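Take a look at the structure below.
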Amino acid sequence: AMSTPARHAAEPLWLHAADGYRLGATRFRVTGPGRGHVVVAGAIGVPQDFYRRFAAYARARGHVAWTLDYRGVGRSAPGALRGFRADLLD
């Protein structure tokens, strides 16, 4: 069984879309030189936390892993979705 990385290894941060909209993301850091980066672009409507274990798996093998919430989902969701407009190109 695979253990998850130390909590400090998962760093929540914000990415900014071209229009300034904030997208919640998480970087799973490695200590020392990494082997590369893995960007986990999950399924539409699925919060990034669903992919946490996969990101931890990649991190444990030396890859910096990134997860993110699409616009309107998870940490990227506004306070209320009523009237919120987004499409697949966002």
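Just so you know, residue 1 is the first one in the sequence shown, and it goes up from there. All values reported here derive from a predicted model rather than from experimental measurement.
- Listed for the R29 side chain is no donor-acceptor partner under 3.5 Å among the backbone atoms of A9.
- In this structure, H63 and V30 have side chains that are not in contact, with every pair of non-hydrogen atoms separated by 4.5 Å or more.
- Heavy-atom minimum distance, A55 versus A65: O-CB, 3.7 Å.
- Applying the salt bridge (Lys or Arg N to Asp or Glu O under 4.0 Å) test to residues at least two apart or on different chains, none of the pairs has a partner in residues 30-45.
- For L81, the side-chain contact (heavy atoms from CB on, under 4.5 Å) partners at least two apart in sequence or on another chain are P78, F84.
- When hydrophobic side chains of Ile, Leu, Val, Met, Phe, Trp and Tyr are connected at separations under 4.5 Å, V40 ends up clustered with V38, V46, F50, Y51, F54.
- Screening residues 40-51 for salt bridge (Lys or Arg N to Asp or Glu O under 4.0 Å), with sequence neighbours left out, gives D49-R52.
- For S76, the side-chain hydrogen bond (donor to acceptor under 3.5 Å, both in side chains) test picks out no residue, with sequence neighbours left out.
- When the side-chain contact (heavy atoms from CB on, under 4.5 Å) test is applied to L13, the partners found at least two apart in sequence or on another chain are E11, L15, A25, R27, W66.
- Looking at residues two or more places apart in sequence or on another chain, you find a side-chain contact (heavy atoms from CB on, under 4.5 Å) between R75 and P12, W14, T26, Q48, D69.
- Relative to the six-membered ring of Y57, R53 misses at least one condition, a distance below 6.0 Å or an angle of at most 45° to the axis.
- Across every non-hydrogen atom of Y70 and L23, the tightest pair is C-CD2, 4.2 Å.
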